[in-house]
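Below: the structure, in structure tokens.
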Amino acid sequence: MRSRSTKSGLPRKPRNFPERAVDRVSRIQELYAAGLHSAKIAQILPCVRDEDGGPSVRATPALVAELATERERIDRMIGDLVRSREVLDEVIEAAAGRTA
């Protein structure tokens, strides 16, 4: 396995990050996984505690309203995924019945 290197071709030194940075990266990954885009994440991050994802004192009523809208969108996506899984289950069951 090749070691990572910089543009200059020199190997990179491992970097040590504080635990807070690890929490921050985890929070960002969770927000991306939820389907939020980078501009929305940049707006949200100052209002979220890294340690537990809870709201910080900077969370505003406007942000709460926007987050509620995002949650509704995610709920719709979950519903769509559940329906898709049900269709797949039906197809799998029908195909398994034909081959048995």
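Model, not experiment: these values are computed from the prediction.
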Could you list who else is in V22's hydrophobic cluster, with ILVMFWY side chains joined at under 4.5 Å, directly or through other members?
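V22 shares its hydrophobic cluster with no other residue.
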Value rounded to 0.5 Å, distance of SG in C47 from CD in E66
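Separation between the atoms: 9.5 Å.
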Should L45 and Y32 be counted in the same cluster of Ile, Leu, Val, Met, Phe, Trp and Tyr side chains packed under 4.5 Å apart?
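The answer is yes; both residues are in one hydrophobic cluster.
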Applying side chain to side chain contact (heavy atoms under 4.5 Å, CB included), can you list everything that pairs with I44, at least two apart in sequence or on another chain?
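For I44 the side chain to side chain contact (heavy atoms under 4.5 Å, CB included) partners, ignoring immediate neighbours, are L31, L36, K40, V48, L63, L67.
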Run the side chain to side chain contact (heavy atoms under 4.5 Å, CB included) test against I78 and tell me which residues pass, sequence neighbours left out.
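Applying side chain to side chain contact (heavy atoms under 4.5 Å, CB included) to I78 gives I74, D75, V82.
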Once salt bridge (charged side-chain N to carboxylate O under 4.0 Å, His left out) is applied, do any residues pair with R71, and if so which ones, sequence neighbours excluded?
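Listed in chain order: nothing, the list is empty.
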Could you give all pairs that pass the salt bridge (Lys or Arg N to Asp or Glu O under 4.0 Å) test and reach residues 82-96, with sequence neighbours left out?
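Applying salt bridge (Lys or Arg N to Asp or Glu O under 4.0 Å) to every pair that reaches into residues 82-96, excluding sequence neighbours, yields D80-R83.
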